[in-house]
Amino acid sequence: ESSNSTLQQKYYIVQTLSKIVEDSQTLIDLFVNYDCDLNTTDIYGRTVEMFSKIAQGGAGGPNTNNSDPSVRPQMLQMLATESLVTIAQSMVLWSKDFYEPPTLPVPTESDNLNDEEWEK
């Protein structure tokens, strides 16, 4: 988040954080152990906000110091976007353990309409 960081430094930080979020269990642990407790640091939330800000071009703009021309702002944005997708996928997989799809009643023979009744 520092305006004094070079684009390359930001890229390395985002790259490191993107490796961490690839482990869905680590993500869940961060969320459950830090974000759900009102007395602790909001690590998961701040990480998601940081990725979101970068993905939208909020970091690495034209005023960012860039000592390495091989690292472009678009690369940083793409990496942040990919990390957000990974986070979303991890949350979906985790939540499947707690979600039970609604069960639909099994149709009985009396529920079946014949063609004549259907047309009415």
Side-chain angles (χ1 to χ4, degrees):
E1 294 180 12
S2 172
S3 60
N4 296 326
S5 300
T6 66
L7 188 60
Q8 184 177 15
Q9 290 170 327
K10 290 178 183 183
Y11 185 81
Y12 288 141
I13 294 297
V14 170
Q15 191 174 37
T16 301
L17 289 173
S18 71
K19 294 292 182 194
I20 291 170
V21 302
E22 286 177 2
D23 180 15
S24 59
Q25 187 59 51
T26 300
L27 276 177
I28 300 309
D29 290 344
L30 284 173
F31 179 73
V32 170
N33 294 317
Y34 292 95
D35 290 38
C36 291
D37 186 347
L38 298 175
N39 298 320
T40 60
T41 305
D42 188 17
I43 296 173
Y44 180 88
R46 289 186 68 198
T47 302
V48 171
E49 286 175 15
M50 183 262 319
F51 280 135
S52 179
K53 181 179 175 182
I54 292 170
Q56 295 175 40
N63 297 330
T64 302
N65 211 358
N66 190 5
S67 60
D68 184 357
S70 67
V71 178
R72 298 184 321 272
Q74 296 83 357
M75 294 169 62
L76 190 61
Q77 287 177 274
M78 180 61 76
L79 187 57
T81 302
E82 290 169 356
S83 297
L84 286 170
V85 170
T86 300
I87 290 169
Q89 289 172 335
S90 294
M91 291 303 287
V92 167
L93 288 174
W94 177 73
S95 67
K96 282 184 178 180
D97 292 339
F98 303 104
Y99 175 74
E100 289 185 30
T103 56
L104 298 175
V106 178
T108 63
E109 208 170 293
S110 64
D111 292 335
N112 293 333
L113 299 174
N114 61 33
D115 289 339
E116 292 172 7
E117 292 174 338
W118 183 255
E119 291 173 359
K120 291 180 187 178

Shared hydrophobic cluster for Ile20 and Leu79 (ILVMFWY, side-chain gaps under 4.5 Å): yes
Same apolar cluster (I L V M F W Y, side chains within < 4.5 Å links), Val71/Met78: no
Donor on one side chain, acceptor on other, Gln56 and Ser52, under 3.5 Å: yes
Report the distance from atom [atom1] of [X] to atom [atom2] of [Y], rounding to the nearest 0.5 Å.
X: Leu76; Y: Tyr12; atom1: CG; atom2: OH; result: 12.5 Å
X: Tyr11; Y: Ser18; atom1: OH; atom2: OG; result: 7.5 Å
X: Phe51; Y: Leu17; atom1: CZ; atom2: CG; result: 5.0 Å
X: Lys10; Y: Gln15; atom1: NZ; atom2: CD; result: 16.0 Å
X: Met50; Y: Ile54; atom1: CE; atom2: CD1; result: 5.0 Å
X: Thr47; Y: Ile87; atom1: OG1; atom2: CD1; result: 7.0 Å

Distance-minimising heavy-atom pair for Tyr44 and Met91: OH-CG, 3.2 Å
Minimum heavy-atom distance between Val14 and Ala80, given as atom pair plus value: CG1-N, 4.2 Å
Ser24 side chain reached by Leu93 side chain, heavy atoms, under 4.5 Å: no
Check: Thr26 and Val21 side chains under 4.5 Å, non-hydrogen atoms: no
Step-by-step side-chain contact (heavy atoms from CB on, under 4.5 Å) determination, Glu22 to Leu27: CA-CA 8 Å; Glu22 286 177 2; Leu27 276 177; over 6 Å; no
Residues Val92, Lys96; criterion side-chain contact (heavy atoms from CB on, under 4.5 Å); working and verdict: CA-CA 6 Å; Val92 167; Lys96 282 184 178 180; 4.1 Å; yes
